[in-house]
Number of protein chains: 2
Amino acid sequence: MNVTALGYVLLGLLARESRSGYDLAQNLRRPVGFFWAANHSQIYPQLARLEEEGLVEHEVVDQRDRPAKKVYTLTPRGRETLRTWLVEPLTFPTYRDELTLKAYSLWLADRVEAARMLREHAEEHRAREAVCQTYVDDLTDHASEALTRVDTPEFAAYVAAQRGVSIAREARSWCLWVARLLEAQTPLTEAQLRSLPMPPS
Amino acid sequence: MNVTALGYVLLGLLARESRSGYDLAQNLRRPVGFFWAANHSQIYPQLARLEEEGLVEHEVVDQRDRPAKKVYTLTPRGRETLRTWLVEPLTFPTYRDELTLKAYSLWLADRVEAARMLREHAEEHRAREAVCQTYVDDLTDHASEALTRVDTPEFAAYVAAQRGVSIAREARSWCLWVARLLEAQTPLTEAQLRSLPMPPS
DNA sequence: TGTTGCTATGTATAGAATGACATATGTTAC
DNA sequence: GTAACATATGTCATTCTATACATAGCAACA
(Lines give C-alpha, C1' and ligand atoms only; values in the text may rest on other atoms or scores of the structure.)
Protein backbone atom coordinates (compact mmCIF):
# COMPACT_ATOMS: atom_id res chain seq x y z
CA MET A 1 0.00 0.00 0.00
CA ASN A 2 2.45 2.58 -1.27
CA VAL A 3 0.52 5.81 -1.76
CA THR A 4 2.20 8.77 -3.41
CA ALA A 5 1.73 12.42 -2.51
CA LEU A 6 -0.66 12.85 -5.42
CA GLY A 7 -2.53 9.81 -4.18
CA TYR A 8 -3.13 11.49 -0.82
CA VAL A 9 -4.27 14.66 -2.57
CA LEU A 10 -6.92 12.69 -4.41
CA LEU A 11 -7.96 10.77 -1.29
CA GLY A 12 -8.30 14.08 0.56
CA LEU A 13 -10.59 15.50 -2.10
CA LEU A 14 -12.66 12.32 -2.33
CA ALA A 15 -13.03 12.24 1.47
CA ARG A 16 -15.06 15.43 1.13
CA GLU A 17 -17.11 14.41 -1.86
CA SER A 18 -17.17 11.75 -4.58
CA ARG A 19 -15.91 13.14 -7.87
CA SER A 20 -14.84 12.21 -11.38
CA GLY A 21 -11.26 12.38 -12.60
CA TYR A 22 -12.17 15.46 -14.56
CA ASP A 23 -13.52 17.18 -11.44
CA LEU A 24 -10.38 16.26 -9.54
CA ALA A 25 -8.27 17.78 -12.31
CA GLN A 26 -10.26 21.01 -12.01
CA ASN A 27 -9.76 21.05 -8.23
CA LEU A 28 -6.04 20.57 -8.74
CA ARG A 29 -5.98 23.78 -10.75
CA ARG A 30 -7.71 26.36 -8.63
CA PRO A 31 -8.30 25.72 -4.95
CA VAL A 32 -5.93 22.88 -4.09
CA GLY A 33 -3.53 23.70 -6.92
CA PHE A 34 -1.93 26.40 -4.78
CA PHE A 35 -0.51 23.61 -2.61
CA TRP A 36 -0.29 20.72 -5.00
CA ALA A 37 -0.72 21.06 -8.75
CA ALA A 38 -1.21 18.20 -11.20
CA ASN A 39 -2.85 17.69 -14.56
CA HIS A 40 -5.26 15.08 -15.75
CA SER A 41 -2.62 12.89 -17.38
CA GLN A 42 -1.26 12.14 -13.91
CA ILE A 43 -4.64 11.88 -12.25
CA TYR A 44 -6.29 9.15 -14.36
CA PRO A 45 -3.48 6.60 -13.94
CA GLN A 46 -3.21 7.49 -10.25
CA LEU A 47 -6.92 6.83 -9.73
CA ALA A 48 -6.52 3.43 -11.37
CA ARG A 49 -3.69 2.59 -8.97
CA LEU A 50 -5.70 3.72 -5.95
CA GLU A 51 -8.56 1.53 -7.10
CA GLU A 52 -6.25 -1.48 -7.52
CA GLU A 53 -5.22 -1.05 -3.89
CA GLY A 54 -8.81 -0.81 -2.77
CA LEU A 55 -8.64 2.78 -1.54
CA VAL A 56 -11.25 4.12 -3.99
CA GLU A 57 -14.07 2.68 -6.09
CA HIS A 58 -15.72 4.02 -9.21
CA GLU A 59 -19.15 3.93 -10.74
CA VAL A 60 -19.98 4.99 -14.29
CA VAL A 61 -22.61 7.72 -14.31
CA ASP A 62 -24.43 8.57 -17.54
CA GLN A 63 -25.35 12.18 -18.09
CA ARG A 64 -27.99 13.63 -20.41
CA ASP A 65 -26.24 16.62 -21.87
CA ARG A 66 -22.64 15.52 -21.35
CA PRO A 67 -20.38 12.47 -21.84
CA ALA A 68 -20.61 9.77 -19.20
CA LYS A 69 -18.22 10.01 -16.29
CA LYS A 70 -16.58 7.75 -13.72
CA VAL A 71 -17.43 8.93 -10.23
CA TYR A 72 -14.82 7.84 -7.69
CA THR A 73 -15.69 7.24 -4.04
CA LEU A 74 -13.40 6.75 -1.06
CA THR A 75 -13.56 3.30 0.55
CA PRO A 76 -13.34 2.84 4.35
CA ARG A 77 -9.84 1.54 3.79
CA GLY A 78 -8.94 4.65 1.79
CA ARG A 79 -10.27 6.81 4.58
CA GLU A 80 -8.13 4.97 7.14
CA THR A 81 -5.05 5.30 4.95
CA LEU A 82 -5.63 9.04 4.68
CA ARG A 83 -6.22 9.42 8.43
CA THR A 84 -2.97 7.62 9.20
CA TRP A 85 -0.93 9.75 6.84
CA LEU A 86 -2.33 12.99 8.28
CA VAL A 87 -0.56 12.75 11.62
CA GLU A 88 2.66 11.20 10.35
CA PRO A 89 5.77 13.32 9.98
CA LEU A 90 6.15 14.81 6.49
CA THR A 91 6.74 11.98 4.04
CA PHE A 92 7.84 14.00 1.02
CA PRO A 93 10.19 16.52 2.57
CA THR A 94 11.84 17.97 -0.52
CA TYR A 95 11.25 21.68 -0.42
CA ARG A 96 11.81 23.69 -3.58
CA ASP A 97 11.67 27.42 -4.05
CA GLU A 98 12.84 28.78 -7.37
CA LEU A 99 12.51 32.40 -6.28
CA THR A 100 14.91 32.13 -3.34
CA LEU A 101 17.16 30.18 -5.65
CA LYS A 102 17.29 33.14 -8.02
CA ALA A 103 17.82 35.46 -5.07
CA TYR A 104 20.96 33.54 -4.24
CA SER A 105 22.47 34.56 -7.58
CA LEU A 106 20.96 38.02 -7.62
CA TRP A 107 24.33 39.70 -7.29
CA LEU A 108 24.99 38.81 -10.95
CA ALA A 109 21.76 40.28 -12.30
CA ASP A 110 20.88 43.55 -13.88
CA ARG A 111 19.50 45.67 -11.01
CA VAL A 112 16.66 47.25 -12.93
CA GLU A 113 15.54 44.02 -14.58
CA ALA A 114 15.77 42.11 -11.32
CA ALA A 115 13.69 44.69 -9.46
CA ARG A 116 11.08 44.50 -12.21
CA MET A 117 10.96 40.70 -11.96
CA LEU A 118 10.51 40.89 -8.19
CA ARG A 119 7.73 43.47 -8.44
CA GLU A 120 5.93 41.28 -10.99
CA HIS A 121 6.23 38.38 -8.65
CA ALA A 122 4.93 40.46 -5.76
CA GLU A 123 1.92 41.29 -7.90
CA GLU A 124 1.26 37.60 -8.56
CA HIS A 125 1.31 36.96 -4.84
CA ARG A 126 -1.08 39.82 -4.27
CA ALA A 127 -3.52 38.14 -6.65
CA ARG A 128 -3.01 34.75 -5.01
CA GLU A 129 -3.60 36.29 -1.60
CA ALA A 130 -6.85 37.80 -2.85
CA VAL A 131 -8.07 34.42 -4.10
CA CYS A 132 -7.24 32.72 -0.81
CA GLN A 133 -8.84 35.58 1.14
CA THR A 134 -12.00 35.03 -0.88
CA TYR A 135 -12.13 31.45 0.37
CA VAL A 136 -11.58 32.63 3.94
CA ASP A 137 -14.34 35.24 3.66
CA ASP A 138 -16.79 32.84 2.03
CA LEU A 139 -16.28 30.33 4.83
CA THR A 140 -16.58 33.01 7.50
CA ASP A 141 -19.80 34.33 5.95
CA HIS A 142 -21.52 31.12 4.93
CA ALA A 143 -20.17 28.43 7.27
CA SER A 144 -19.51 30.19 10.57
CA GLU A 145 -21.34 27.42 12.41
CA ALA A 146 -19.17 24.65 10.96
CA LEU A 147 -15.99 26.63 11.64
CA THR A 148 -16.52 26.37 15.38
CA ARG A 149 -15.85 22.63 15.23
CA VAL A 150 -12.45 21.30 14.14
CA ASP A 151 -13.88 18.07 12.70
CA THR A 152 -15.65 19.78 9.78
CA PRO A 153 -14.30 20.00 6.21
CA GLU A 154 -14.98 23.74 6.42
CA PHE A 155 -12.61 24.15 9.35
CA ALA A 156 -9.85 22.33 7.45
CA ALA A 157 -10.48 24.43 4.35
CA TYR A 158 -10.36 27.56 6.51
CA VAL A 159 -6.95 26.87 8.04
CA ALA A 160 -5.58 25.81 4.63
CA ALA A 161 -6.86 29.02 3.01
CA GLN A 162 -5.38 31.09 5.85
CA ARG A 163 -2.07 29.40 5.13
CA GLY A 164 -2.42 30.49 1.51
CA VAL A 165 -2.98 34.08 2.59
CA SER A 166 -0.10 33.91 5.02
CA ILE A 167 2.37 32.47 2.50
CA ALA A 168 1.37 34.97 -0.18
CA ARG A 169 1.83 37.91 2.19
CA GLU A 170 5.21 36.69 3.31
CA ALA A 171 6.36 36.24 -0.29
CA ARG A 172 5.04 39.61 -1.37
CA SER A 173 6.60 41.38 1.58
CA TRP A 174 9.99 39.85 0.85
CA CYS A 175 9.83 40.55 -2.90
CA LEU A 176 9.07 44.22 -2.34
CA TRP A 177 11.80 44.52 0.28
CA VAL A 178 14.45 43.14 -2.12
CA ALA A 179 13.10 45.24 -5.00
CA ARG A 180 13.45 48.38 -2.86
CA LEU A 181 17.03 47.44 -1.97
CA LEU A 182 17.89 46.90 -5.65
CA GLU A 183 16.40 50.25 -6.58
CA ALA A 184 18.01 52.17 -3.71
CA GLN A 185 21.24 54.10 -4.03
CA THR A 186 24.36 52.31 -2.85
CA PRO A 187 25.87 52.11 -0.33
CA LEU A 188 22.85 50.69 1.43
CA THR A 189 22.34 51.67 5.05
CA GLU A 190 21.99 49.23 7.89
CA ALA A 191 18.43 50.46 8.39
CA GLN A 192 17.54 49.48 4.81
CA LEU A 193 19.02 46.02 5.25
CA ARG A 194 16.99 45.52 8.41
CA SER A 195 13.78 46.90 6.94
CA LEU A 196 12.20 43.54 6.01
CA PRO A 197 8.92 43.38 7.92
CA MET A 198 9.01 39.92 9.45
CA PRO A 199 6.08 37.78 10.50
CA PRO A 200 5.91 37.66 14.28
CA SER A 201 7.85 34.86 15.95
CA MET B 1 20.69 24.96 -24.37
CA ASN B 2 17.95 23.52 -22.19
CA VAL B 3 19.01 24.02 -18.59
CA THR B 4 17.02 22.43 -15.78
CA ALA B 5 16.31 23.95 -12.38
CA LEU B 6 19.04 21.82 -10.85
CA GLY B 7 21.35 23.02 -13.60
CA TYR B 8 20.77 26.63 -12.55
CA VAL B 9 21.36 25.70 -8.91
CA LEU B 10 24.76 24.32 -9.83
CA LEU B 11 25.61 27.28 -12.07
CA GLY B 12 24.64 29.62 -9.20
CA LEU B 13 27.00 27.88 -6.82
CA LEU B 14 29.82 27.71 -9.34
CA ALA B 15 29.40 31.41 -10.11
CA ARG B 16 30.54 32.08 -6.55
CA GLU B 17 33.37 29.59 -6.47
CA SER B 18 34.69 26.61 -8.44
CA ARG B 19 33.82 23.35 -6.72
CA SER B 20 33.82 19.57 -7.11
CA GLY B 21 30.66 17.53 -7.49
CA TYR B 22 31.11 16.34 -3.95
CA ASP B 23 31.28 19.92 -2.66
CA LEU B 24 28.15 20.81 -4.61
CA ALA B 25 26.35 17.85 -3.08
CA GLN B 26 27.30 19.11 0.39
CA ASN B 27 26.05 22.61 -0.46
CA LEU B 28 22.77 21.12 -1.64
CA ARG B 29 22.30 19.63 1.80
CA ARG B 30 22.83 22.44 4.23
CA PRO B 31 22.79 26.03 3.00
CA VAL B 32 21.13 25.86 -0.39
CA GLY B 33 19.22 22.67 0.42
CA PHE B 34 16.60 24.72 2.24
CA PHE B 35 15.52 26.00 -1.18
CA TRP B 36 16.54 23.23 -3.50
CA ALA B 37 17.66 19.82 -2.32
CA ALA B 38 19.39 17.19 -4.46
CA ASN B 39 21.70 14.28 -3.93
CA HIS B 40 24.91 13.34 -5.67
CA SER B 41 23.26 10.83 -7.99
CA GLN B 42 21.55 13.74 -9.73
CA ILE B 43 24.48 16.12 -9.53
CA TYR B 44 27.16 14.11 -11.31
CA PRO B 45 25.12 13.45 -14.48
CA GLN B 46 23.87 17.05 -14.43
CA LEU B 47 27.43 18.39 -14.33
CA ALA B 48 28.28 16.23 -17.34
CA ARG B 49 25.31 17.67 -19.25
CA LEU B 50 26.29 21.24 -18.33
CA GLU B 51 29.81 20.54 -19.54
CA GLU B 52 28.49 19.11 -22.83
CA GLU B 53 26.67 22.37 -23.40
CA GLY B 54 29.77 24.40 -22.61
CA LEU B 55 28.41 26.05 -19.47
CA VAL B 56 31.00 24.58 -17.14
CA GLU B 57 34.49 23.05 -17.46
CA HIS B 58 36.36 20.69 -15.18
CA GLU B 59 39.91 20.07 -14.18
CA VAL B 60 41.16 17.03 -12.26
CA VAL B 61 42.94 18.07 -9.08
CA ASP B 62 45.08 15.56 -7.20
CA GLN B 63 45.13 15.81 -3.44
CA ARG B 64 47.70 14.46 -1.00
CA ASP B 65 45.55 13.14 1.80
CA ARG B 66 42.34 12.53 -0.17
CA PRO B 67 41.14 11.02 -3.47
CA ALA B 68 41.52 13.21 -6.54
CA LYS B 69 38.57 15.41 -7.45
CA LYS B 70 37.10 17.13 -10.51
CA VAL B 71 36.87 20.84 -9.91
CA TYR B 72 34.18 22.46 -12.05
CA THR B 73 34.38 26.09 -13.17
CA LEU B 74 31.73 28.29 -14.75
CA THR B 75 32.46 29.36 -18.33
CA PRO B 76 31.56 32.87 -19.59
CA ARG B 77 28.70 31.26 -21.49
CA GLY B 78 27.48 29.59 -18.32
CA ARG B 79 27.56 32.91 -16.54
CA GLU B 80 25.50 34.54 -19.28
CA THR B 81 22.97 31.71 -19.21
CA LEU B 82 22.59 32.15 -15.46
CA ARG B 83 22.26 35.93 -15.73
CA THR B 84 19.50 35.60 -18.32
CA TRP B 85 17.52 33.11 -16.24
CA LEU B 86 17.68 35.31 -13.14
CA VAL B 87 15.38 38.03 -14.41
CA GLU B 88 13.00 35.77 -16.34
CA PRO B 89 9.59 34.94 -14.90
CA LEU B 90 9.60 31.72 -12.88
CA THR B 91 10.30 28.82 -15.21
CA PHE B 92 9.39 25.94 -12.92
CA PRO B 93 6.16 27.15 -11.37
CA THR B 94 4.93 24.00 -9.67
CA TYR B 95 4.45 24.80 -6.01
CA ARG B 96 4.07 21.94 -3.57
CA ASP B 97 3.37 22.08 0.14
CA GLU B 98 2.65 18.80 1.86
CA LEU B 99 1.80 20.44 5.17
CA THR B 100 -1.04 22.58 3.82
CA LEU B 101 -2.18 19.51 1.96
CA LYS B 102 -2.52 17.65 5.23
CA ALA B 103 -4.25 20.65 6.75
CA TYR B 104 -6.91 20.37 4.08
CA SER B 105 -7.87 16.92 5.41
CA LEU B 106 -7.29 17.78 9.05
CA TRP B 107 -10.98 17.47 9.87
CA LEU B 108 -10.57 13.68 9.62
CA ALA B 109 -7.62 13.43 11.98
CA ASP B 110 -7.32 12.62 15.63
CA ARG B 111 -7.15 16.03 17.36
CA VAL B 112 -4.46 15.14 19.86
CA GLU B 113 -2.25 13.38 17.34
CA ALA B 114 -2.68 16.18 14.80
CA ALA B 115 -1.77 18.84 17.35
CA ARG B 116 1.33 16.88 18.29
CA MET B 117 2.35 16.60 14.63
CA LEU B 118 1.92 20.34 14.14
CA ARG B 119 3.94 21.19 17.25
CA GLU B 120 6.73 18.88 16.07
CA HIS B 121 6.68 20.62 12.74
CA ALA B 122 6.76 24.03 14.44
CA GLU B 123 9.85 22.87 16.31
CA GLU B 124 11.55 21.89 13.06
CA HIS B 125 10.88 25.33 11.66
CA ARG B 126 12.26 26.92 14.80
CA ALA B 127 15.49 25.01 14.20
CA ARG B 128 15.52 25.96 10.53
CA GLU B 129 14.98 29.58 11.42
CA ALA B 130 17.91 29.45 13.83
CA VAL B 131 20.19 28.06 11.10
CA CYS B 132 19.14 30.75 8.63
CA GLN B 133 19.50 33.44 11.31
CA THR B 134 23.05 32.24 11.87
CA TYR B 135 23.82 32.93 8.23
CA VAL B 136 22.24 36.39 8.52
CA ASP B 137 24.23 37.19 11.66
CA ASP B 138 27.49 35.91 10.21
CA LEU B 139 27.07 38.09 7.15
CA THR B 140 26.10 41.11 9.24
CA ASP B 141 29.12 40.65 11.50
CA HIS B 142 31.80 39.66 9.00
CA ALA B 143 30.72 41.15 5.68
CA SER B 144 28.92 44.38 6.56
CA GLU B 145 30.99 46.22 3.94
CA ALA B 146 29.95 43.86 1.12
CA LEU B 147 26.29 43.99 2.18
CA THR B 148 26.08 47.70 1.30
CA ARG B 149 26.44 46.82 -2.40
CA VAL B 150 23.82 44.71 -4.19
CA ASP B 151 26.31 43.21 -6.66
CA THR B 152 28.15 41.14 -4.07
CA PRO B 153 27.57 37.42 -3.41
CA GLU B 154 27.22 38.34 0.26
CA PHE B 155 24.25 40.59 -0.45
CA ALA B 156 22.50 37.82 -2.38
CA ALA B 157 23.22 35.30 0.38
CA TYR B 158 21.85 37.81 2.90
CA VAL B 159 18.48 38.30 1.19
CA ALA B 160 18.17 34.54 0.58
CA ALA B 161 18.92 33.79 4.24
CA GLN B 162 16.39 36.41 5.33
CA ARG B 163 13.84 34.63 3.16
CA GLY B 164 14.68 31.43 4.99
CA VAL B 165 14.05 33.13 8.32
CA SER B 166 10.86 34.66 7.04
CA ILE B 167 9.44 31.42 5.66
CA ALA B 168 10.32 29.48 8.80
CA ARG B 169 8.62 32.05 11.04
CA GLU B 170 5.51 32.07 8.91
CA ALA B 171 5.31 28.28 8.97
CA ARG B 172 5.92 28.08 12.71
CA SER B 173 3.38 30.76 13.46
CA TRP B 174 0.73 28.97 11.42
CA CYS B 175 1.49 25.53 12.88
CA LEU B 176 1.16 26.79 16.45
CA TRP B 177 -2.07 28.61 15.61
CA VAL B 178 -3.68 25.46 14.22
CA ALA B 179 -2.32 23.36 17.09
CA ARG B 180 -3.92 25.77 19.60
CA LEU B 181 -7.24 25.55 17.75
CA LEU B 182 -7.13 21.75 17.79
CA GLU B 183 -6.37 21.73 21.50
CA ALA B 184 -9.00 24.33 22.40
CA GLN B 185 -12.48 23.48 23.64
CA THR B 186 -15.20 23.54 21.01
CA PRO B 187 -17.11 25.51 20.00
CA LEU B 188 -14.27 27.78 18.92
CA THR B 189 -14.82 31.50 19.23
CA GLU B 190 -14.49 33.97 16.40
CA ALA B 191 -11.56 35.53 18.23
CA GLN B 192 -9.71 32.21 18.21
CA LEU B 193 -10.32 31.75 14.50
CA ARG B 194 -8.94 35.22 13.82
CA SER B 195 -5.96 34.84 16.12
CA LEU B 196 -3.41 33.86 13.44
CA PRO B 197 -0.68 36.50 13.58
CA MET B 198 -0.20 37.45 9.94
CA PRO B 199 2.88 38.92 8.32
CA PRO B 200 2.25 42.55 7.48
CA SER B 201 0.79 43.20 4.06
C1' DT C 1 -22.96 21.98 -41.88
C1' DG C 2 -19.05 23.30 -39.78
C1' DT C 3 -16.50 25.21 -36.11
C1' DT C 4 -15.60 26.28 -31.53
C1' DG C 5 -15.57 25.02 -26.82
C1' DC C 6 -16.45 22.50 -22.63
C1' DT C 7 -16.88 17.99 -20.72
C1' DA C 8 -14.74 13.58 -20.26
C1' DT C 9 -11.06 9.95 -20.42
C1' DG C 10 -7.21 8.15 -21.71
C1' DT C 11 -1.95 7.05 -23.83
C1' DA C 12 2.92 8.02 -25.15
C1' DT C 13 7.16 9.75 -24.47
C1' DA C 14 10.78 12.02 -22.52
C1' DG C 15 12.84 14.11 -18.59
C1' DA C 16 13.59 14.36 -13.56
C1' DA C 17 14.02 12.50 -8.84
C1' DT C 18 14.69 8.78 -5.43
C1' DG C 19 17.12 5.25 -3.32
C1' DA C 20 19.98 1.54 -3.88
C1' DC C 21 24.12 -0.34 -5.59
C1' DA C 22 29.06 0.03 -6.59
C1' DT C 23 33.92 1.39 -6.14
C1' DA C 24 38.06 3.56 -4.42
C1' DT C 25 41.44 6.48 -1.49
C1' DG C 26 43.09 7.93 2.76
C1' DT C 27 42.69 8.82 8.02
C1' DT C 28 41.88 7.66 12.61
C1' DA C 29 40.91 4.78 16.37
C1' DC C 30 40.80 0.24 18.48
C1' DG D 1 45.27 -5.62 11.06
C1' DT D 2 40.79 -4.06 10.62
C1' DA D 3 36.85 -1.45 11.17
C1' DA D 4 34.69 2.85 10.84
C1' DC D 5 34.41 7.11 8.62
C1' DA D 6 34.91 11.02 5.43
C1' DT D 7 36.13 12.08 0.80
C1' DA D 8 35.22 11.30 -3.96
C1' DT D 9 32.71 9.67 -8.24
C1' DG D 10 29.77 7.18 -10.59
C1' DT D 11 25.55 3.80 -12.39
C1' DC D 12 20.96 1.55 -12.24
C1' DA D 13 16.08 0.69 -11.64
C1' DT D 14 12.01 2.51 -10.60
C1' DT D 15 8.93 5.98 -9.95
C1' DC D 16 7.16 10.56 -10.82
C1' DT D 17 6.26 14.49 -13.66
C1' DA D 18 5.31 17.26 -17.83
C1' DT D 19 4.01 17.90 -22.33
C1' DA D 20 1.97 16.55 -26.06
C1' DC D 21 -0.95 13.48 -28.54
C1' DA D 22 -5.44 11.24 -29.19
C1' DT D 23 -10.43 10.37 -28.99
C1' DA D 24 -15.22 11.33 -28.23
C1' DG D 25 -19.99 13.34 -26.69
C1' DC D 26 -22.75 17.24 -26.63
C1' DA D 27 -24.10 22.34 -27.03
C1' DA D 28 -24.14 26.75 -29.01
C1' DC D 29 -23.66 29.49 -32.78
C1' DA D 30 -22.83 31.06 -37.49
Side-chain angles (χ1 to χ4, degrees), chain A residues 1-10 18-30 32-33 35-53 56 58-72 90-98 101, chain B residues 1-10 18-30 32-33 35-53 56 58-72 90-98 101:
Chain A
M1 205 170 49
N2 230 357
V3 183
T4 66
L6 178 59
Y8 286 116
V9 180
L10 301 179
S18 295
R19 282 169 238 236
S20 67
Y22 186 83
D23 291 334
L24 288 164
Q26 300 306 311
N27 293 135
L28 286 186
R29 287 191 164 280
R30 253 158 303 165
V32 177
F35 311 118
W36 208 280
N39 39 29
H40 73 274
S41 64
Q42 289 170 261
I43 291 166
Y44 290 118
Q46 186 66 51
L47 281 170
R49 247 168 287 155
L50 292 173
E51 188 154 41
E52 265 180 47
E53 303 188 5
V56 302
H58 86 267
E59 183 190 14
V60 176
V61 174
D62 287 316
Q63 297 179 110
R64 286 167 212 163
D65 48 354
R66 290 174 189 177
K69 62 181 174 181
K70 293 184 180 176
V71 174
Y72 285 86
L90 294 200
T91 328
F92 316 99
T94 325
Y95 184 78
R96 299 205 140 100
D97 186 324
E98 192 190 353
L101 209 58
Chain B
M1 203 169 50
N2 229 358
V3 183
T4 66
L6 178 58
Y8 286 117
V9 179
L10 301 180
S18 295
R19 280 170 242 239
S20 67
Y22 186 84
D23 291 334
L24 289 165
Q26 300 307 310
N27 293 135
L28 285 187
R29 286 191 164 280
R30 252 159 304 166
V32 176
F35 311 118
W36 207 280
N39 38 30
H40 74 276
S41 63
Q42 288 171 261
I43 292 167
Y44 290 118
Q46 186 65 51
L47 280 169
R49 247 168 286 153
L50 292 174
E51 187 154 42
E52 264 179 49
E53 301 188 9
V56 301
H58 85 267
E59 182 191 14
V60 177
V61 174
D62 287 315
Q63 299 179 108
R64 286 167 212 164
D65 48 356
R66 289 174 190 180
K69 62 181 174 181
K70 293 183 181 177
V71 174
Y72 284 85
L90 295 198
T91 327
F92 315 99
T94 325
Y95 184 78
R96 299 203 141 102
D97 185 327
E98 193 190 353
L101 209 59

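Proteins come first, then strands; the chains are lettered A, B, ... in the order of their sequence lines, and each starts at number 1.
- Not one side-chain nitrogen or oxygen of B:T4 sits closer than 4.0 Å to the OP1 or OP2 atom of C:dG15.
- In this structure, A:N39 and A:I43 have side chains that are not in contact, with every pair of non-hydrogen atoms separated by 4.5 Å or more.
- Atom NZ in B:K70 sits roughly 16 Å away from atom P in C:dA24 (whole-Å rounding).
- Using a 4.5 Å heavy-atom cutoff, the side chains of B:H58 and B:V60 are in contact.
- Phosphate proximity of D:dA8 to B:Q63: present, with a side-chain N or O under 4.0 Å from OP1 or OP2.
- Residue A:H40 contributes atom NE2, which lies 15 Å from atom P of D:dA24 at whole-angstrom precision.
- Look at A:K69 and you won't find any side-chain N or O under 4.0 angstrom from OP1 or OP2 of D:dG25.
- Remark: B:Y22 is not in phosphate contact with D:dT9, judged by side-chain N or O atoms under 4.0 Å from OP1 or OP2.
- Counting to the nearest Å, the P atom of D:dA18 and the CZ atom of A:R29 are 12 Å from each other.
- Here A:A38 lies out of heavy-atom contact (under 4.0 Å) with every strand.
- No side-chain heavy atom of A:K70 sits less than 4.5 Å from a side-chain heavy atom of A:E59.
- Taking 4.5 Å as the limit, every side-chain heavy atom of A:V56 sits out of range of all side-chain heavy atoms of A:L10.
- B:V71 has its side chain out of reach of B:D23: every pair of non-hydrogen atoms, C-beta onward, lies at least 4.5 Å apart.
- Counting distance only, with no hydrogens placed and no angle test, the side-chain atoms of A:S41 and the base atoms of D:dT19 include a donor-acceptor pair under 3.5 Å.
- Take the nearest nucleotide of DNA chain D for B:R66 and for B:Y72: the residue whose nucleotide is more 5' is B:R66.
- As rounded to whole Å, 15 Å separates atom P of C:dT11 from atom CG of A:N39.
- The B:P67 side chain lies nearest to D:dT7 when the options are D:dG25, D:dT7, D:dT17.
- In this entry the distance linking CZ of B:R64 with C1' of C:dT25 reads 16 Å, nearest Å.
- Remark: C1' of C:dA8 and CD1 of A:I43 are 13 Å apart, rounded to the nearest angstrom.
- Here A:R49 reaches the OP1 or OP2 of D:dC16: one of its side-chain N or O atoms lies under 4.0 Å away.
- Put simply, CD on A:Q42 is 12 Å from C1' on D:dT15, counting in whole angstrom units.
- At whole-Å resolution of the value, CG in A:L28 and P in D:dA18 are 11 Å apart.
- Across all strands shown, A:A68 has heavy atoms under 4.0 Å from sugar-phosphate atoms exclusively, and none from any base.
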